> 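I'd like to ask some things about the structure below.
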Amino acid sequence: MALFGALFLALLAGARAELPGCKIRVTSKALELVKQEGLRFLEQELETITIPDLRGQEGHFYYNISEVRVTELQLTSSELHFQPEQELMLQITNASLGLRFRRQLLYWFFYDGGYINASAEGVSIHTGLQLSQDSSGRMKVANAKVYEFLSTFITSGMRFLLNQQICPVLYHAGMVLLNSLLDTVPVRSSVDELVGIDYSLLKDPVVSTSNLDMEFRGAFFPLAEGNWSLLNQAVEPQLQEEERMVYVAFSEFFFDSAMESYFRAGALQLSLVGDKVPHDLDMLLRATYFGSIVLLSPAVIDSPLKLELQAMAPPRCTIKPSGTTISVTASVTIALVPPNQPEVQLSSMIMDARFNAKMTLRGKALRTHLDLRKFRIYSNQSALESLALIPLQTPLKAMLQVGVMPMLNQRTWRGVQIPLPEGIDFVREVVKNHAGFLTIGADLHFAKGLREVINKNRPANTRDPQASSAPPAN
């Protein structure tokens, strides 16, 4: 019985859900900004949309409502809030709506027709958006509920027209257009020519009364090994704060998977030959290994010098409240490269380096700036040879700081995109380090108008709101 219990616990441990490498929390502080931009888009959409004709027959009564246009829309009072489970609720109250349409009515032999200007005051519209993940791990609007137009100052005919004609527009905006916006969020995309990143959602977004929380895989991978993945054994990042519009958390796994991916892609190596080796360092190295060089043939003595650095294992990230560090161990090889002959190795040593890493968020890009803090070289052959390498400590460190660090920072400063829709950026970010993860709190900024982004990405075959198969109003 004890053995069975142990096996059961082992199975449970093995079946533990995958830990997120990245989390994002959208707080209620962001909803006012999102609401204003969303309402601006909704007004523009309703005022420019082509509403299909409405025609039908009831017994001997025939009707045709055509050329429906929204002439005026005033959304004076509105509220956007989170509602568990997995919903965003938009409530518009005390709105006014003006319509112009052509009416054609036929009953037996009696005909009535012409253009009508109609208005509705005190209109209330309630819309609920249910959020979930799709099969690719992308966040989607899974369902949009458009509750019927309510007003004490609206005729039954106008209410029928609004519910039949305007509700599909709202449903189309929720189900089709917002999803086209969410399609701009990167899920599995390339960072550069070597490495990609996977931002798949691990589960449906969780909505509370004050937050929308999302958990992403947050894992890099070498593009040449698309199915490769690193096991996440890091501390799970936590989000507790709610003062800013949005919070993003990254665990050590997020950065470790990036460095392991670049290591597997063969990018963590550097070779300097001839003129690429700084002149002062070239002279120092030749003087250090003068005894070995003079024993070589004259044809080899004046050959170009080669300095090669290559990571021996993937670098590792350590995040503490005091800061973030990157540790790397690399081999350093010094050799002469005579033309058309095999290179002649002068020395091989080990380098241990530690970098301070400062993370910043600019626009949608997470950027990293590295500073070399600790550096030492030693021989993997003998302690005596390690003593002989002491004079090289300072010049090699200077070479790293002057010649290598700018190249590293040029690459890391390009950054990697955070999973946000197109047109939305982070501003006024604040970075905090914790034990095993870091968080970045920021506010949101619409760098592009919502309508501009949606029109750019609007599906060509769904421009007709009726094509979205809107369900009847509730």
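Being a predicted model, the structure only gives us computed values, none of them experimental.
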> If you measure from CD on Gln269 to OG1 on Thr333, what distance do you get to the nearest 0.5 Å?
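The CD atom of Gln269 sits 11.0 Å away from the OG1 atom of Thr333.
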> Pick out which of Val427, Leu33, Val430 makes a side chain to side chain contact (heavy atoms under 4.5 Å, CB included) with Asp443.
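Testing each of Val427, Leu33, Val430 against Asp443, the sole residue satisfying side chain to side chain contact (heavy atoms under 4.5 Å, CB included) is Val427.
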> I need the Leu239 CG to His434 NE2 distance, nearest 0.5 Å.
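Reported to 0.5 Å precision, the distance equals 8.5 Å.
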> Verify the distance criterion only: is there a donor paired with an acceptor across the side chains of Tyr262 and Asp192 at less than 3.5 Å?
yes
> Given Asp352 and Thr329, is the side chain to side chain donor-acceptor pair (under 3.5 Å) satisfied, shown in steps?
CA-CA 5 Å; Asp352 284 339; Thr329 298; 2.9 Å; yes
> Are Asn356 and Thr324 close enough that some pair of their side-chain heavy atoms sits under 4.5 Å apart?
no
> Quick one: which of Thr27, Asn211, Ile440, Val26 gives a side chain to side chain contact (heavy atoms under 4.5 Å, CB included) with Tyr247?
Thr27
> Can Gln74 and Glu72 be said to form a side chain to side chain donor-acceptor pair (under 3.5 Å), step by step?
CA-CA 7 Å; Gln74 293 184 357; Glu72 182 183 12; 3.0 Å; yes
> Output yes when Arg362 and Glu429 qualify as a salt bridge under the 4.0 Å nitrogen-oxygen rule, no when they do not.
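Here Arg362 pairs with Glu429 in a salt bridge, since their nearest N and O are under 4.0 Å apart.
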> State, to 0.1 Å, how close Ser180 and Asn457 come at their nearest heavy-atom pair, and which atoms those are.
CB-O, 3.5 Å
> Does the side chain of Leu88 come within less than 4.5 Å of Leu212's, by heavy atoms?
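A side-chain contact under 4.5 Å is absent here.
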> Check whether any side-chain heavy atom of Gln91 sits under 4.5 Å from a side-chain heavy atom of Ser124, and report yes or no.
no
> Knowing that exactly one of Glu37, Lys29, Met245 qualifies, which makes a side chain to side chain contact (heavy atoms under 4.5 Å, CB included) with Leu444?
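So, applying the side chain to side chain contact (heavy atoms under 4.5 Å, CB included) to Leu444 and each of Glu37, Lys29, Met245, only Met245 qualifies.
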> Would you compute the distance between atom CG of Leu272 and atom CG of Leu307 and round it to the nearest 0.5 angstrom?
5.5 Å
> Are the aromatic rings of Phe254 and Phe437 close, with centres under 6.0 Å apart?
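That pair fails the under 6.0 Å test.
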> Does any non-hydrogen side-chain atom of Thr368 lie less than 4.5 Å from one of Trp413?
no
> How many angstroms lie between atom CZ of Phe216 and atom CG of Leu202, to the nearest 0.5 angstrom?
9.0 Å
> Would Arg188 pass as a cation-pi partner of Phe221, given that its NZ or CZ must be under 6.0 Å from the six-membered ring centre and within 45 degrees of the axis?
yes
> Start with the C-alpha distance between His369 and Thr412, add both sets of side-chain angles, then the distance that settles side chain to side chain donor-acceptor pair (under 3.5 Å), and finish with yes or no.
CA-CA 7 Å; His369 184 272; Thr412 59; over 6 Å; no
> Decide, yes or no, whether a salt bridge links Glu241 with Arg25 under the criterion of side-chain N to carboxylate O below 4.0 Å.
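Not counted as a salt bridge, because no side-chain N and carboxylate O are separated by less than 4.0 Å.
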> Can we say Arg40 and Glu43 salt-bridge, meaning some charged N sits less than 4.0 Å from an Asp/Glu carboxylate O?
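No, Arg40 and Glu43 are not salt-bridged.
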> Can you tell me how far apart CG (Leu400) and CZ (Phe375) are? Round to the nearest 0.5 Å.
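Reported to 0.5 Å precision, the distance equals 5.0 Å.
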> Apply salt bridge (charged side-chain N to carboxylate O under 4.0 Å, His left out) to residues Glu236 and Lys23 and explain how you reach the verdict.
CA-CA 9 Å; Glu236 181 176 354; Lys23 289 184 178 181; 2.9 Å; yes
> Return yes when atom CD of Glu193 has more than 12 non-hydrogen atoms of other residues, nucleotides or ligands closer than 6.0 Å, and no otherwise.
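For Glu193, atom CD is crowded (more than 12 foreign heavy atoms under 6.0 Å).
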